[in-house]
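What follows is one structure encoded as structure tokens, with my remarks underneath.
Residue numbers begin at 1 in each chain, while the letters A, B, ... track the order of the sequences. Hydrogens, waters and symmetry mates are skipped; everything else that's a heavy atom, side chains included, is used.
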2 protein chains.
Amino acid sequence: MTYAKNDVFTPDLQELAAFAKVLAHPARLAILDYLAGQEQCISGDITSEIPLSRTTVSQHLQELKNAGLIHGTVSGTRIYYCLEQEKIGELKVRMHSFMEKLASAKTECSI
Amino acid sequence: MTYAKNDVFTPDLQELAAFAKVLAHPARLAILDYLAGQEQCISGDITSEIPLSRTTVSQHLQELKNAGLIHGTVSGTRIYYCLEQEKIGELKVRMHSFMEKLASAKTECSI
DNA sequence: GTTTTATGACGCAAACATACGACATTTATT
DNA sequence: AATAAATGTCGTATGTTTGCGTCATAAAAC
């Protein structure tokens, strides 16, 4: 989760990069996408939705959880996962404002 | 740039993940940020802005170029890099629409 | 209380990414 | 032509991520 020379950059960029890294795997995007599509929070049949081994999916879930983007509620032997809207919102805003900054750059790129 | 079992996911998710991966390193964010802040496209004094070796920065620039987010124009011994607004715009839109989808999910997460 | 079910934790191999020095190339300057 | 400047390319060491099997655990069903 941390790179060797990371601490050389501003916390802001580091955090955004860390967020981006969580999104940088199709399985994790697929999990988020799936959770967003469910009315009710469904437990580990996420596992059957994602074409990877149960262990691997569980690992991706863990990463999403560590990033604060989802949370799980234990109920018996099952765990109900769902999106953590507060964090999702934060990520959305930060990512978008970074992209806006790029998009509104002058780019007077003629020489 | 490609993961082992990537091809198991939809192209849409794969592409978004690939974009996210490019953003998943503070050095690359810092480069984009720096380019956005310049009125004129400045060449490899990006290198002196980023606290990593010239070679490493060059490598990150290469990745941004491969992703289509920047391009470089050769002029003598120098190269002028700048943001590729079209691609930036595409990324912005796609990322945002994904995040919107997540953010507008019901998340009826009580059991 | 034993078995089944659902799940996490651990460990490991293979694939990838990062960082950098040394060398190559190409244009500018002298 | 010889040298200097600005870059890219290659090779390589080290670190990180991915994917998975095996084992551990804990609640449910029998």
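Here Thr56(B) does not reach the OP1 or OP2 of dT18(C): none of its side-chain N or O atoms lies under 4.0 Å away. Put simply, His60(B) has a side-chain N or O that comes within less than 4.0 Å of OP1 or OP2 on dA19(C). When the side-chain nitrogen and oxygen atoms of Arg28(A) are compared with OP1 and OP2 of dT18(D), one or more of them lie within a distance under 4.0 Å. Of the side-chain N and O atoms in Ser53(A), none sit less than 4.0 angstrom from OP1 or OP2 of dG19(D).
Whole-Å rounding puts the Leu52(B) CG to dA19(C) P distance at 5 Å. When the P atom of dG8(D) is taken as reference, atom CD1 of Ile46(B) falls 9 Å away, rounded to whole Å. If you measure from atom CZ of Phe9(B) to atom C1' of dG19(D), you get 11 Å, rounded to the nearest angstrom. Rounded to whole Å, the distance from CG on Asn66(A) to P on dT17(D) is 12 Å. Taking atom OH of residue Tyr80(B) and atom P of nucleotide dG8(D), one finds them 13 Å apart after rounding to whole Å. The interatomic distance linking Ile79(B) (CD1) with dT25(C) (P) rounds to 16 Å, in whole Å. Whole-Å rounding puts the His71(B) NE2 to dG8(D) P distance at 14 Å. For the pair Tyr81(B) OH and dT7(D) C1', the interatomic distance rounds to 8 Å; values are reported in whole Å.
Both Gly76(A) and Lys65(B) lie near DNA chain D, and the one whose nearest nucleotide falls closer to the 5' end is Lys65(B). Residue order along DNA chain D, read from the 5' end via each residue's closest nucleotide, puts Thr77(B) first among Thr77(B) and Ala27(A).
Between dC20(C), dA17(C), dG19(D), one nucleotide has an atom nearer to the side chain of Lys21(B) than all others, and that is dA17(C). Candidate nucleotides dT9(D), dC20(D), dT18(D) were compared by shortest atom distance to the side chain of His25(A), and dT18(D) ranks first.
From His60(A), atom NE2 reaches atom CD1 of Ile46(A) across 12.5 Å, with rounding to the nearest 0.5 Å.
You won't find any donor-acceptor pair under 3.5 Å spanning the side chain of Gln59(B) and the base of dA17(C), going by distance alone. One cannot find a donor-acceptor pair under 3.5 Å joining the base of dG21(C) and the side-chain atoms of Arg54(B). Residue-to-nucleotide contacts include a donor-acceptor pair under 3.5 Å from the side chain of Thr55(A) to the base of dG21(D).
Under the salt bridge (Lys or Arg N to Asp or Glu O under 4.0 Å) criterion, Glu90(A) pairs with Lys87(A), Arg94(A), sequence neighbours left out.
Distance alone, capped at 3.5 Å, places no donor-acceptor pair between the Arg28(A) side chain and the Glu63(A) backbone. Judged by distance alone, the side chain of Ser53(B) and the main-chain N or O of Thr56(B) form a donor-acceptor pair under 3.5 Å. Side-chain atoms of Ser104(B) come within 3.5 Å of backbone atoms of Glu100(B) as a donor-acceptor pair (strictly under, hydrogens ignored).
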